[in-house]
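Step one of this worksheet: look at the structure below.
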Amino acid sequence: MKYPVNEVFETIQGEGFFTGVPAIFVRLQGCPVGCSWCDTKHTWDVIEDNRVAPELVIQVDGTIGRWAELTAEELISNFKIKGFTAKHVVITGGEPCLHDLIPLTESLHLSGYATQIETSGTFEVICSDKTWVTVSPKINMKAGLPILEQALIRANEIKHPVATQAHIDDLDCLLKGIPLAEKTICLQPISQKSRATELAMRVCIERNWRLSIQTHKYLDID
């Protein structure tokens, strides 16, 4: 199975449960969700004229929206060619759950990698049982896509962007009836604004949740 890959690069995971962990990011092209604050809008559209050779999406700047089709085996081969040493692979986008990720995640596990998916929760999560699933629920976005109960139940981590109390209220409504005992709940201030950060910190302390700061933006890394 081939996947539309926007870029592949090695860095440090900057947010959520695995903050600080060396990681290989595999960013897939395509996303219909329409988040207004999205910082990867170049991944939204899969434009045929932007298709390139596979080597042009490996450890290069993906911000122009080019993409190439690669299989799991081709991705793993390129990890080795580039000398990547990280063993944690983050599959992100775009919206990676537009795709059946079982072939990709299982191939990565067989090759000795751990996997993580970052998804909006608006599509069914289809992946290996061993994959860590981070759902960052995108509520009331432009496309009007609902957050799926299947995605919330499958999630190991729910990482919610917040700016106002209304975002906390939205999350509370979304999580009603979802078993949370074994899930990590992270609140992530939008755009590092002080008011949002103070709100997220207060709620995390009150509920024993986790604060997620986008450390990669402070460090000026991808």
Side-chain angles (χ1 to χ4, degrees), residues 13-19 21 28 30-41 43-44 90-102 105 114-215 217:
Q13 171 62 285
E15 59 190 44
F17 184 84
F18 290 102
T19 296
V21 173
L28 301 185
C31 182
V33 179
C35 302
S36 59
W37 64 79
C38 178
D39 56 5
T40 57
K41 290 183 179 180
T43 66
W44 287 8
V90 181
I91 304 164
T92 186
E95 174 45 69
C97 290
L98 287 168
H99 310 280
D100 177 355
L101 298 173
I102 288 177
T105 52
T115 59
Q116 176 186 2
I117 294 169
E118 296 181 337
T119 174
S120 65
T122 55
F123 291 86
E124 184 178 1
V125 180
I126 306 173
C127 64
S128 167
D129 290 341
K130 297 178 181 179
T131 298
W132 179 275
V133 175
T134 300
V135 173
S136 184
K138 301 304 189 295
I139 303 169
N140 298 325
M141 293 298 117
K142 183 177 179 181
L145 298 173
I147 309 302
L148 301 187
E149 183 179 25
Q150 185 271 347
L152 293 171
I153 291 173
R154 176 60 182 84
N156 302 96
E157 172 185 7
I158 296 173
K159 178 164 59 68
H160 190 56
V162 297
T164 67
Q165 181 61 42
H167 294 129
I168 305 295
D169 297 341
D170 287 342
L171 181 62
D172 286 339
C173 288
L174 192 65
L175 296 182
K176 283 182 180 177
I178 302 296
L180 300 178
E182 297 183 3
K183 299 187 190 301
T184 297
I185 310 295
C186 297
L187 297 184
Q188 185 160 292
I190 295 174
S191 302
Q192 296 82 49
K193 293 181 179 179
S194 58
R195 183 175 297 180
T197 302
E198 290 167 6
L199 170 64
M201 288 175 60
R202 176 176 58 78
V203 175
C204 285
I205 291 169
E206 289 172 354
R207 304 188 185 190
N208 201 29
W209 288 353
R210 180 176 295 202
L211 182 71
S212 174
I213 299 296
Q214 293 178 296
T215 58
K217 293 187 177 180

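Side-chain atoms are counted along with the backbone in the values below, which use heavy atoms only and exclude waters and symmetry mates.
Proximity of a side-chain donor or acceptor of Thr105 to a complementary backbone N or O of Ser128 within less than 3.5 Å is detected. Side chain of Ser212 to main chain of Gly16: a donor-acceptor pair is present (N/O by atom type, distance under 3.5 Å, no hydrogens or angles).
In this structure, CD1 on Ile190 lies 7.5 Å from OG on Ser36, to the nearest 0.5 angstrom. Expressed to the nearest 0.5 Å, how far CD of Gln116 lies from OG1 of Thr134 amounts to 4.0 Å. For the atom pair CG of Leu98 and OG1 of Thr119, the computed distance is 8.5 Å after rounding to the nearest 0.5 Å. The distance from the CG atom of Leu174 to the CD1 atom of Ile147 is 6.0 Å, given to the nearest 0.5 Å. Atoms CD1 and OG, from Ile139 and Ser120 in turn, are 11.0 Å apart once rounded to the nearest 0.5 Å. Here Glu206 contributes atom CD and Ile168 contributes atom CD1; the two are 9.5 Å apart, rounded to the nearest 0.5 Å.
The minimum heavy-atom distance between Trp44 and Cys35, with the atom names listed, is CZ2-O, 3.5 Å. When all heavy atoms of Pro96 and Ile117 are compared, the pair lying nearest together is CG-CG2, 4.0 Å. Pro137 and Leu171 get closest at one heavy-atom pair: CG-CD1, 4.4 Å. Shortest non-hydrogen contact noted between Phe123 and Ala151 is O-CB, 4.2 Å. Scanning both residues, Gly177 and Pro179, for their nearest heavy atoms gives O-CD, 3.6 Å.
Looking at Thr40 and Thr92, their side chains never come closer than 4.5 Å, going by heavy atoms from C-beta outward. Between Val203 and Trp209 the shortest side-chain heavy-atom distance falls below 4.5 Å. For the pair Gln150 and Ile153, the minimum side-chain heavy-atom distance is 4.5 Å or more. Annotation: side chain of Ile185 is in contact with side chain of Ile158 (closest heavy-atom distance under 4.5 Å).
Applying the side-chain hydrogen bond (donor to acceptor under 3.5 Å, both in side chains) rule to Ser136 yields the partners Lys138; only residues at least two apart in sequence or on another chain are considered. Every residue two or more places apart in sequence or in another chain was checked for a side-chain contact (heavy atoms from CB on, under 4.5 Å) with Lys142, and none qualifies. In terms of the side-chain hydrogen bond (donor to acceptor under 3.5 Å, both in side chains) criterion, residue partners of Thr115 (sequence neighbours excluded) are, by chain and number, His109, Thr131. Evaluation of the side-chain contact (heavy atoms from CB on, under 4.5 Å) rule for Leu211 yields Pro189, Ala200, Met201, Cys204, Ile213 as partners, not counting sequence neighbours. Every residue two or more places apart in sequence or in another chain was checked for a side-chain hydrogen bond (donor to acceptor under 3.5 Å, both in side chains) with Thr184, and none qualifies. Phe18 pairs by the ring pair (Phe, Tyr, Trp, His ring centres under 6.0 Å) definition with His88, Trp132, not counting sequence neighbours.
Sorted by first and then second residue, the salt bridge (Lys or Arg N to Asp or Glu O under 4.0 Å) pairs involving residues 149-159 (not counting sequence neighbours) are Glu15-Lys159. The side-chain hydrogen bond (donor to acceptor under 3.5 Å, both in side chains) pairs that include a residue from residues 169-182 are Gln165-Asp169, Asp172-Arg207, where partners are two or more places apart or lie in different chains. For residues 156-188, there are no ring pair (Phe, Tyr, Trp, His ring centres under 6.0 Å) pairs, not counting sequence neighbours.
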